[in-house]
Number of protein chains: 2
Amino acid sequence: MTLELPGRRVAPTLEAVAAEAGVSRSTVSRVVNGSSHVSPDVVTAVNAAIDRLNYIPNRAARSLANRQTMAIALVVPEDTQRFFGDPFFSEIMQGITSVLEDSDYVLNLQLARPDAPSEKTIRYLLGGNVDGAIVVSHHSGDDFFTTLDATIPVVFGGRPFDPEKHRNNYVDVDNAAGAALGTKHLLSLGRRRIATIAGPANMQAAIDRHDGWLATVREAGQDDSLVEYGDFTMAGGATAMRALLDRAPDLDAVFVASDLMATGAVAVLRARGKRVPEDVAVVGFDDSSAATSGEIALTTVHQPSREMGTEMARMLLALLRGERPDPERVMPTRLVIRDSA
Amino acid sequence: MTLELPGRRVAPTLEAVAAEAGVSRSTVSRVVNGSSHVSPDVVTAVNAAIDRLNYIPNRAARSLANRQTMAIALVVPEDTQRFFGDPFFSEIMQGITSVLEDSDYVLNLQLARPDAPSEKTIRYLLGGNVDGAIVVSHHSGDDFFTTLDATIPVVFGGRPFDPEKHRNNYVDVDNAAGAALGTKHLLSLGRRRIATIAGPANMQAAIDRHDGWLATVREAGQDDSLVEYGDFTMAGGATAMRALLDRAPDLDAVFVASDLMATGAVAVLRARGKRVPEDVAVVGFDDSSAATSGEIALTTVHQPSREMGTEMARMLLALLRGERPDPERVMPTRLVIRDSA
DNA sequence: CTGAAAGCGCTTACAG
DNA sequence: CTGAAAGCGCTTACAG
């Protein structure tokens, strides 16, 4: 029995181009890589041969020889569902790809396990598949990522945990200040019982936003116990809102650590007969598309997600060039007032 | 001026492991690759050395030697926004990753230009970066992708154009039958003026769904001219709905080629004072999360998106093993009746 | 079962 | 400006 496999075309090599053009492999390599020390007519001849043969350099061989892969990993320790569910990631990724488009690098998305990276992810990142990595949505609990840059340059989206242990490169906003901004707005509206729906306690941004709310509420001499935690999803925001209402039916405002969670919270408030913002004012965080796609346009703390993406990419590219960019890039937030508070 | 670069750790090589374990490189390679012809104690010794040195094989070297990259590309010719905006892609990707997780392959997402692949994408796919590719959301107008499998195995999500030119592997549903299913439901409801919002005419699935609607409407002796085209986004559905209402204010039903477009259409209908389904019945297509996240739960034609993803992955894996799976895998659709029709 | 050797397709000093 | 040669870190027949 003969198993006939579809005959795949065999890619031409540098060697073949050299033969076709009647020069050495070194020379072909030089013109492929745009070296300046090649005579014009040789360049022409080689390029002609390349076109004729439809030559494309083999990346494995190239990266083995020069120890560059020209690939960057975007590592997101979240499952597919949450990755696609939160517009924040979409915007970050748009920012990143917009700068990588103009570079020679390709982006490889790696969805990792939220708890700790799998063996496969580790081998991928350490096995010479990429020249650098951007890690977004980092959770505490393992420090593989924070120590990864002993091997390849890494930029974090969001200040990583344990900054004293190791100084990582990151771009972030001042989450505490942003949360304070949102909470103060609630205070200025005369609200006196302001709850918060915080993000998961194993994420630095969630902790910082919680802290910003906490400090503001304390400073105002208000109850600082109205906290519930969500997982940055709509469903998580809804569950937290229910718990909050059960504990404090008289709350009159809630600062929510993400727009997606705020959307879930608003739905619950309405279902329980609360008017937003009359009975309960709601402030979100992100100013992503989720802020304006729900039942009511959310007043929210804006963070420049797309620009954060471009900054991450730029920072990594600088590191890859051997430069030493400022390792900490903190971008501004601002309050966007809409209908929910 | 000395530019001090952060000292990156140098990865240990096979050679180092061999020295550490006191064996030859061939032997280390054998245990790394799980060859059976190695004595137990040597295996133990080599593994110990691997652990001690924290050895991870260099993928470039490996793939240069054995001509395998152990990577698969998921090519989506859509911009980031649309990719993230449509839950359909999320589900497809979940299906794909679920089967790849249990394999040694990693998935590399490649968002390509919708019109024609960029030079960068072409070089990526042809430059030996991946062993195979899954192409989803293929548009007509270039046949790079349909001829790509002369070089590497390719599986399409959705029947590609020009099937007579070249027989590609694909996973799809019977879009025409599905559309007929949805349109017939509208007929059974007594609707007599059934419009359609079709997808872009450069996508086979859109054409097939349009054809299914067309055949059904003609068969019933109804007006077959009520067609507007959308781009599979909410905004596109809204625009198309407006045009339809302007042309035929008396239409009493609309079959929409995707849930996302249907959501946009429903919003326009309501804004124009039409009750759904009383005045205008709406049937969508996909049965994605968009069907149940809008103002009204959509009656829709269900396609098993996640399973289609798993089938694509399985088919590609089979091709990669040198097998010859059935190149055409057509999965069933079914009508899901909710509130919009 | 194990090792020496060739080779995968490039890049890059080193000569000239 | 150009080429011969070594080397990147693996795998894989080929001997033994």
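Proteins come first, then strands; the chains are lettered A, B, ... in the order of their sequence lines, and each starts at number 1.
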Could you work out, with ring pair (Phe, Tyr, Trp, His ring centres under 6.0 Å) as the rule, every residue matching [X], not counting sequence neighbours?
X        : answer
B/Phe88  : none
A/Tyr55  : none
B/Phe156 : B/His138
A/Tyr124 : none

Is it true that [Y] and [X] share a donor-acceptor pair across their side chains at a distance under 3.5 Å?
X       : Y        : answer
B/Gln94 : B/Ser90  : yes
B/Thr97 : B/Glu101 : no
B/Ser29 : B/Ser26  : no

For chain A, the stretch of DNA chain D it reaches, first to last nucleotide, under 4.0 Å of its heavy atoms = D/dC1 to D/dG9

Atom pair CZ/OG1 of A/Arg113 and A/Thr121 - distance to nearest 0.5 Å = 8.0 Å

Would you mind writing out the side-chain donor-acceptor pairs for residues 306-315 of chain B within the sub-3.5 Å range, not counting sequence neighbours?
{"unit_1": "B/Thr310", "atom_1": "OG1", "unit_2": "B/Glu307", "atom_2": "O", "d": "2.8"}
{"unit_1": "B/Glu311", "atom_1": "OE1", "unit_2": "B/Arg329", "atom_2": "NE", "d": "2.9"}

Starting at the 5' end of DNA chain C, what dot-bracket string do you get if Watson-Crick and G-U pairs under 3.5 Å are bracketed, crossing pairs use [ ], other-strand pairs use | and unpaired bases use dots?
-> |||.||||||||.|||

Select base, sugar-phosphate, or nothing to describe what [X] touches, counting heavy atoms under 4.0 Å on all strands.
X       : answer
A/Val32 : nothing
B/Arg30 : base
B/Ser29 : base
A/Arg25 : base

DNA chain C-proximal residues of residues 41-52 of chain A, any heavy atom under 4.0 Å | none

Partners of B/Glu15 by salt bridge (charged side-chain N to carboxylate O under 4.0 Å, His left out), sequence neighbours excluded?
->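 Salt bridge (charged side-chain N to carboxylate O under 4.0 Å, His left out) check on B/Glu15 returns B/Arg25.
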
For DNA chain D, which residues in residues 123-133 of chain A have a heavy atom at a distance below 4.0 Å?
-> none

Got a sec? Which of residues 12-19 of chain B come in under 4.0 Å of DNA chain D, heavy atoms?
->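 By residue number: B/Thr13, B/Leu14.
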
Would you kindly compare A/Ala61 and B/Ala65 by the position of their nearest DNA chain D nucleotide and give the one closer to the 5′ end?
-> A/Ala61

Tabulate below the donor-acceptor pairs under 3.5 Å that side-chain atoms of residues 63-70 of chain B make, not counting sequence neighbours, or state none.
{"unit_1": "B/Ser63", "atom_1": "OG", "unit_2": "B/Arg59", "atom_2": "O", "d": "3.3"}
{"unit_1": "B/Ser63", "atom_1": "OG", "unit_2": "B/Ala60", "atom_2": "O", "d": "3.4"}
{"unit_1": "B/Asn66", "atom_1": "OD1", "unit_2": "B/Gln68", "atom_2": "N", "d": "3.0"}
{"unit_1": "B/Thr69", "atom_1": "OG1", "unit_2": "B/Ala71", "atom_2": "N", "d": "3.2"}
{"unit_1": "B/Thr69", "atom_1": "OG1", "unit_2": "B/Asn129", "atom_2": "O", "d": "3.4"}
{"unit_1": "B/Thr69", "atom_1": "OG1", "unit_2": "B/Asp131", "atom_2": "N", "d": "3.1"}
{"unit_1": "B/Thr69", "atom_1": "OG1", "unit_2": "B/Asp131", "atom_2": "OD1", "d": "2.9"}
{"unit_1": "B/Thr69", "atom_1": "OG1", "unit_2": "B/Asp131", "atom_2": "OD2", "d": "3.4"}

Test ring-ring contact (aromatic ring centres under 6.0 Å, His included) applied to B/Phe89 and B/Phe84, step by step | CA-CA 7 Å; B/Phe89 294 117; B/Phe84 277 91; 9.9 Å; no

N/O donor-acceptor pair under 3.5 Å between A/Asp79 side chain and A/Arg82 backbone = yes

Check whether more than 12 heavy atoms from other residues, nucleotides or ligands sit under 6.0 Å from atom CG of B/Asp104, and answer yes or no.
->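 No, CG of B/Asp104 has 12 or fewer neighbouring heavy atoms, counting only those of other groups under 6.0 Å.
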
